[in-house]
Amino acid sequence: QVQLVESGGGSVQAGGSLRLSCAASGYTDSSYFMGWFRQAPGKEREGVAAIATTGSGTTSYVDSVKGRFTISQDNAKNTVYLQMNSLKPDDTAVYYCAAGNSPLGIPPLQQWWYNYWGQGTQVTVSS
């Protein structure tokens, strides 16, 4: 059974930083993607960043976080991280990690490629 457990959310002032962690277990595919998604109140869930867990570790980012967020992985710990710097109030949301696969060559940011999800962790950025 696949389990994804997020941690690291919290409250921070604008300009601050947070690091989210997602510990994965039970995934049997030899090659898969891990992604971070977020959902703000009244908005649809959007893909934030994704990474290929094997090979070169190719990453993808939504335009609004490029240069501020970094996704990385520690394969020995089966853990994926999302380092969030220069946080803005618009980054306030529940953040979810997800695992999945696709035939695409780059990690997808569309949620339909992901079939396992964590429980979410709240990130609140105040101005």
inquiry  = Are Pro107 and Thr58 packed together at the side-chain level, in the sense that at least one heavy-atom pair is separated by less than 4.5 angstrom?
reply    = yes
query = Going by heavy atoms in the side chains, are Val65 and Arg38 under 4.5 Å from each other?
reply = yes
When you group the ILVMFWY residues by side-chain heavy-atom contacts below 4.5 Å and let the links chain together, are [Y] and [X] in the same group?
X	Y	result
Val125	Val62	yes
Trp36	Leu87	yes
Tyr116	Leu82	yes
Val80	Tyr61	yes

How long is the straight-line distance from [atom2] of [Y] back to [atom1] of [X], given to the nearest 0.5 Å?
X	Y	atom1	atom2	value
Phe69	Leu20	CZ	CG	8.0 Å
Glu6	Cys97	CD	SG	4.0 Å
Gln39	Glu44	CD	CD	8.5 Å
Asn78	Thr53	CG	OG1	9.0 Å
Gln13	Ser127	CD	OG	9.0 Å
Gln110	Ser102	CD	OG	8.5 Å

request  = For a side chain to side chain contact (heavy atoms under 4.5 Å, CB included) with Tyr32, tell me which candidate from Asn101, Asn115, Val2, Thr54 qualifies.
outcome  = Asn101
ask   = What residue among Ile51, Leu109, Ile71 forms side chain to side chain contact (heavy atoms under 4.5 Å, CB included) with Ser60?
value = Leu109
request  = I would like to know whether Val48 and Met84 meet side-chain contact (heavy atoms from CB on, under 4.5 Å); could you show each step before the answer?
outcome  = CA-CA 11 Å; Val48 175; Met84 305 185 294; over 6 Å; no
inquiry  = Could you go through Trp117 and Arg45, starting from their C-alpha distance and side-chain angles, then the distance that decides it, and tell me whether this counts as side-chain contact (heavy atoms from CB on, under 4.5 Å)?
reply    = CA-CA 12 Å; Trp117 294 82; Arg45 188 176 299 184; 3.2 Å; yes
query = Can you name the one residue among Trp112, Tyr114, Tyr95 that meets ring pair (Phe, Tyr, Trp, His ring centres under 6.0 Å) with Phe37?
reply = Tyr114
Please name the pair of heavy atoms, one in [X] and one in [Y], separated by the smallest distance, quoted to 0.1 Å.
X	Y	answer
Ala24	Leu4	CB-CD2, 3.5 Å
Met34	Cys22	CE-SG, 3.7 Å
Pro108	Trp113	CB-CD1, 3.3 Å
Ser17	Gln83	CB-NE2, 4.0 Å

ask   = If you measure from the Lys or Arg side-chain nitrogens to the Asp or Glu carboxylate oxygens, is any gap between Asp63 and Lys66 under 4.0 Å?
value = yes
Donor-acceptor pair, side chain of Thr79 and main chain of Ala23, under 3.5 angstrom = no
inquiry  = With a 6.0 Å cut-off (strictly less than), is the heavy-atom count around CD of Gln119, excluding the residue itself, greater than 12?
reply    = yes
task = Any chance you could lay out the side-chain contact (heavy atoms from CB on, under 4.5 Å) test for Gln122 and Thr92, step after step, and finish with the verdict?
result = CA-CA 8 Å; Gln122 178 70 45; Thr92 295; 4.0 Å; yes
